[in-house]
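For reference, positions follow the sequence shown, starting with 1. Just so it is clear, the model here is predicted, and its values are computed rather than measured.
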Amino acid sequence: MATILARALPPAARQRVLDRIVPFLAGATVLAFAAGSSSVPRATSVGHPFRWVLLVALLGAAALRSNWRAIPRTPLVAAAALVGLAALSTAWSVEPRTSFERAVSLGLLFLTCLLLAAAVAGCRHRAEALLAGVLGGAAAVGLLGLLVLAVDHAHAVESATYQSPARFRGFGQDPNTVALLFGVTTPLAVWAVLATRRRVLAASVLFLLVGTIVASGSRGALVAGAAGACVVIGARSGRSRRALVGVVAVAAIAVAGAAVQAIPSAAHVVNVSGPPPPGQPKPNPGYLNGELVYPLNADVGKPLPGGGQPFVTRSIFGSSGRVQAWEGTLHEVARRPVAGHGFGTEQAVFVDRYYSFVGGLPENSYIGLALQLGALGIAALVALVAALALPAVRALRRSRNDLVAASLGVLVAGLVAAVVQSYLYSVGNIATAALWIPVFLLPAVLDA
């Protein structure tokens, strides 16, 4: 697409067209990554390969629109250090090919974000359009979730289990999937309500995002969205009564949402022993099949055989078994504390044997990155975040820049969500692009 535009249009007209295409491609990329991890099989089959096509198209459009000299140097070096470490980890990775492929995809995303930052540098309306494009992609995901609910309730709502009540998942693969995206983009919706002219539309989008988070039962996304919203309000309004009222209102909404999430109860499940599955060998008389009676894939924290299956109460401050998973993962981190097991190997190294936890990842980006790249990876991530955030914090002390506040709010929301989700470094995740695109704009909008 970018090459066709370059050949067919004169420079001025091409730039005007690109100004419209880039925000659209950003929103379409967010939507495509959501489709790649959808509850709708047909959407997943299309979105899974198409998300990479859109990301490359966004990269090409950003490259044509960018002034390469405007690429922020310090974030460039910090991003290159993290990607370089990820690529270098193929030398000691337990899955070298996976590490190399994941490093390439992370480099592709970071390069796209840097070029987008260069494309909007010094131009407020381009930055606003890009942020609106990301928010629009998230809103489209929310609307598709409502459509799935109207058409196929079974795909839109996850049935209650012994651990959790029925939860809304909408267009996402599970209840936490879309909620993560909405938690990260909620600050953009708050910014749109406060700083743009289309406040009614923006308020509707904000209601859609927050309502979906509450219905999903995702407490991490709720806290992340509230933290990011408070940053947007506080950074834009300063130490004023208006800012205090706004922060109190956000806190009240978050508490009310958490109370609503705690209302439903998990399902009562009774263990009923039945015949072994077809193909299972019958144990000798006097013996039992241990894998059926006490399977090792959930033995940590499970009552001994005959103890029943306890009813799990889902509380506001409960960890859903994550703390056990984190503790177990930290033991694996300690085996390779400096450089980890290799980038992208989190799913291969982590083994879920925890009765109260269900997941293929430890669901903590910081522990997950330490598992992959050790202390070096954590240091590289901290350096990247510092390179992006510190100049923005200093700039907000001088002036109340709403674009800086919006992007900084996304960063804070993303970092909070990373405590309960493994996604910061996984480009294929539904929320990764939606996080890094606004965050990498921070150096470009400091003076916008």
Side-chain angles (χ1 to χ4, degrees), residues 29 32-38 41 44-60 76-115 173-174 177 180 297 325 328-353 359-381 383-384 418 421-436:
T29 301
F33 275 101
S37 55
S38 172
T44 303
S45 63
V46 174
H48 203 269
F50 197 59
R51 55 187 176 171
W52 303 111
V53 175
L54 279 172
L55 182 60
V56 172
L58 180 59
L59 170 63
L76 172 62
V77 173
L82 179 55
V83 174
L85 178 62
L88 185 63
S89 71
T90 58
W92 61 82
S93 174
V94 296
E95 291 187 349
R97 180 176 177 178
T98 299
S99 297
F100 178 76
E101 292 175 348
R102 295 292 180 87
V104 170
S105 66
L106 184 64
L108 179 65
L109 175 62
F110 281 177
L111 178 58
T112 302
C113 293
L114 287 164
L115 290 174
Q173 193 172 29
D174 61 59
T177 304
L180 173 61
N297 63 355
T329 308
L330 287 173
H331 288 294
E332 295 298 326
V333 172
R335 294 186 177 185
R336 294 188 177 185
V338 178
H341 294 75
F343 189 64
T345 61
E346 182 179 11
Q347 188 171 11
V349 177
F350 173 74
V351 178
D352 179 16
R353 292 180 56 184
L361 301 171
E363 300 302 355
N364 182 301
S365 292
Y366 309 109
I367 295 176
L369 186 60
L371 185 67
Q372 298 170 68
L373 296 177
L376 293 177
I378 296 296
L381 177 64
L384 176 59
Q421 293 288 329
S422 295
Y423 80 101
L424 286 179
Y425 35 76
S426 179
V427 180
N429 185 278
I430 187 174
T432 307
L435 166 70
W436 289 114

Do [X] and [Y] come close enough that some side-chain heavy atom pair is under 4.5 Å?
X    : Y    : answer
S37  : N429 : no
L54  : L58  : no
L424 : L381 : yes
L108 : V427 : no

Quick one: pull up [atom1] in [X] and [atom2] in [Y] and give me the separation to the nearest 0.5 Å.
X    : Y    : atom1 : atom2 : result
L330 : I367 : CG    : CD1   : 4.5 Å
Y366 : Y425 : OH    : OH    : 10.0 Å
T329 : E363 : OG1   : CD    : 10.0 Å
L114 : L109 : CG    : CG    : 9.5 Å
T90  : L88  : OG1   : CG    : 6.5 Å
I378 : L82  : CD1   : CG    : 10.0 Å

Set of side-chain hydrogen bond (donor to acceptor under 3.5 Å, both in side chains) partners for [X], sequence neighbours left out:
X    : answer
S89  : none
R51  : H48
Y423 : none
T29  : none

For F110, ring-ring contact (aromatic ring centres under 6.0 Å, His included) partners two or more places apart:
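Per chain and number, F110 pairs via ring-ring contact (aromatic ring centres under 6.0 Å, His included) with W436, F440.
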With sequence neighbours left out, what residues match F33 under ring-ring contact (aromatic ring centres under 6.0 Å, His included)?
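Applying ring-ring contact (aromatic ring centres under 6.0 Å, His included) to F33 gives W52.
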Salt bridge (Lys or Arg N to Asp or Glu O under 4.0 Å): which pairs involve [range], sequence neighbours left out?
range            : result
residues 333-344 : E332-R335
residues 102-115 : none
residues 341-351 : none

Please enumerate all residues that pass salt bridge (charged side-chain N to carboxylate O under 4.0 Å, His left out) together with E95, with sequence neighbours excluded.
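Testing E95 for salt bridge (charged side-chain N to carboxylate O under 4.0 Å, His left out), a comparison that skips the adjacent residues, returns none.
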Would the distance check show the side chain of [X] and the main-chain N or O of [Y] forming a donor-acceptor pair, the cut-off being under 3.5 Å?
X    : Y    : answer
Q347 : L361 : no
S365 : Q421 : yes
T44  : S38  : yes

Looking only at heavy atoms, what is the nearest atom pair of S99 and G342, with distance?
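Taking every non-hydrogen atom into account, OG-C, 3.6 Å.
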Measure across A35 and G47 and return the closest heavy-atom pair with its distance rounded to 0.1 Å.
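Smallest heavy-atom distance, with atoms named: CB-CA, 3.9 Å.
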With sequence neighbours excluded, residues passing side chain to side chain contact (heavy atoms under 4.5 Å, CB included) with A78:
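So A78 forms a side chain to side chain contact (heavy atoms under 4.5 Å, CB included) with L384, A387.
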